[in-house]
Amino acid sequence: MSALAPRPAQLQQVLLQPMLSRDVAEVLAIEQQAYAAPWSQGNFIDSLAAGYAAFVLRDERAQLIGYFLAMKGVDEMHLLNITVAPVHQGLGHGRWLLDAVCRLCREQACPQLWLEVRVGNQRARQVYQRYGFAEVGLRRGYYPVAQGPREDAVLMSLAVPA
């Protein structure tokens, strides 16, 4: 992991901003494009009301590229949702958002970052593994699916040095 790595050219004009309630409709549209079982509007509103760390990534035209929400615990941060709009995937934005989450961990003295990812989401699992996350457990039936039984989640962890 290198939070100090230079940003690719396509990331030079991005801006990370706190997510506000007025952003939720736009965030929800991306969430619904990206996932078969997306978070609901209520999930986002409740997360903001609970005071979770929530940020949006916008380009120079203020177009929403991606977002993340994280919950601080005791000496740890739990990444609840990190998403890049499908049209912007594969350009380094996900890594940039992960770098931002790690900066937040350091700012809030959280040396451990946790997340769950669907067992079947091989692309995301590979992104997290390349970033330095380790697969440390399995949560059975964690994720809802459109039809059929719930999907298991892989629990992943990353040590975030100070």
Side-chain angles (χ1 to χ4, degrees), residues 1 3 7-8 10-118 120-121 123-125 127-128 131 133 139 141-147 150-158 160:
M1 178 192 88
R7 293 184 289 176
Q10 69 268 25
L11 296 180
Q12 294 302 320
Q13 300 298 318
V14 296
L15 180 63
L16 189 67
Q17 303 170 315
M19 184 186 296
L20 304 173
S21 58
R22 69 175 179 243
D23 297 315
V24 171
E26 205 175 358
V27 165
L28 189 58
I30 288 176
E31 182 79 4
Q32 291 169 344
Q33 292 169 18
Y35 303 111
W39 274 28
S40 70
Q41 180 178 0
N43 293 135
F44 288 105
I45 296 294
D46 290 348
S47 294
L48 291 174
Y52 296 160
F55 290 86
V56 294
L57 182 66
R58 294 188 179 277
D59 67 15
E60 67 278 356
R61 299 176 317 255
Q63 179 182 12
L64 185 62
I65 294 171
Y67 49 89
F68 74 82
L69 295 97
M71 177 179 64
K72 185 180 186 313
V74 177
D75 296 330
E76 66 183 30
M77 186 76 65
H78 189 144
L79 183 57
L80 302 171
N81 188 326
I82 184 168
T83 305
V84 173
V87 299
H88 295 289
Q89 291 179 1
L91 300 173
H93 299 296
R95 182 173 185 85
W96 199 92
L97 285 169
L98 284 170
D99 287 346
V101 174
C102 287
R103 282 192 303 275
L104 180 66
C105 287
R106 284 189 287 280
E107 289 168 6
Q108 298 195 10
C110 295
Q112 201 69 33
L113 178 59
W114 298 89
L115 63 81
E116 289 87 12
V117 61
R118 288 178 184 274
N121 191 343
R123 183 176 180 190
R125 288 172 66 185
V127 167
Y128 297 135
Y131 197 84
F133 281 86
R139 297 191 193 276
Y142 187 80
Y143 284 108
V145 295
Q147 295 179 339
R150 294 173 67 92
E151 186 174 358
D152 295 343
V154 175
L155 178 63
M156 301 185 83
S157 181
L158 176 72
V160 181

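All values below come from the heavy atoms of this structure, side chains included, with hydrogens, waters and symmetry mates left out.
- A donor-acceptor pair is defined here as one N or O able to donate and one able to accept, closer than 3.5 Å; such a pair exists between the side chain of Y131 and the backbone of D99.
- The side chain to side chain donor-acceptor pair (under 3.5 Å) test applied to S47 returns no partner, not counting sequence neighbours.
- Annotation: the span from H78 atom NE2 to E116 atom CD amounts to 3.5 Å, rounded to 0.5 Å.
- Between P144 and A37, the closest heavy-atom pair is O-CB, 3.5 Å.
- Side chain of E151 to main chain of G120: a donor-acceptor pair is present (N/O by atom type, distance under 3.5 Å, no hydrogens or angles).
- For the pair R123 and N121, the minimum side-chain heavy-atom distance is below 4.5 Å.
- In this structure, L57 CG and H88 NE2 are separated by 9.0 Å, a value rounded to the nearest 0.5 Å.
- Taking both residues in full, the closest heavy atoms of C110 and V160 are given as O-CB, 4.0 Å, listed atom of the first, atom of the second, then distance.
- Residues F133 and L113 meet the side-chain proximity criterion, which asks for heavy atoms closer than 4.5 Å.
- A search for ring-ring contact (aromatic ring centres under 6.0 Å, His included) contacts involving Y143 returns nothing, not counting sequence neighbours.
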Please table the atom pairs, donor to acceptor, closer than 3.5 Å between any side-chain atom in residues 64-77 and protein atoms at least two apart or in another chain.
from	atom 1	to	atom 2	distance (Å)
Y67	OH	E31	N	3.4
Y67	OH	E31	OE1	2.5
E76	OE1	W114	NE1	3.3

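- Side chains of L158 and C102 form a contact here, defined as non-hydrogen atoms less than 4.5 Å apart.
- Checked against side chain to side chain donor-acceptor pair (under 3.5 Å), D23 has the following partners two or more places apart in sequence or in another chain: R58.
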Checklist entry - Would L155 and Y142 satisfy side-chain contact (heavy atoms from CB on, under 4.5 Å), going step by step from the backbone distance to the final call? => result CA-CA 10 Å; L155 178 63; Y142 187 80; over 6 Å; no
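- A distance of 14.0 Å separates NE2 of H93 from OG1 of T83, quoted to the nearest 0.5 Å.
- For W39, the ring-ring contact (aromatic ring centres under 6.0 Å, His included) criterion is met by F44, not counting sequence neighbours.
- The number of heavy-atom neighbours closer than 6.0 Å to CD of Q33, taken from other residues, nucleotides and ligands shown, is above 12.
- Residues L48 and A54 come closest through the heavy atom pair CD2-CB, 3.6 Å.
- The CG atom of L98 sits 4.0 Å away from atom CD1 of I82, with the distance rounded to the nearest 0.5 Å.
- Note that CZ of R118 is 9.0 Å distant from OH of Y35, once rounded to the nearest 0.5 Å.
- Sequence neighbours left out, not one pair with a member in residues 35-51 passes salt bridge (Lys or Arg N to Asp or Glu O under 4.0 Å).
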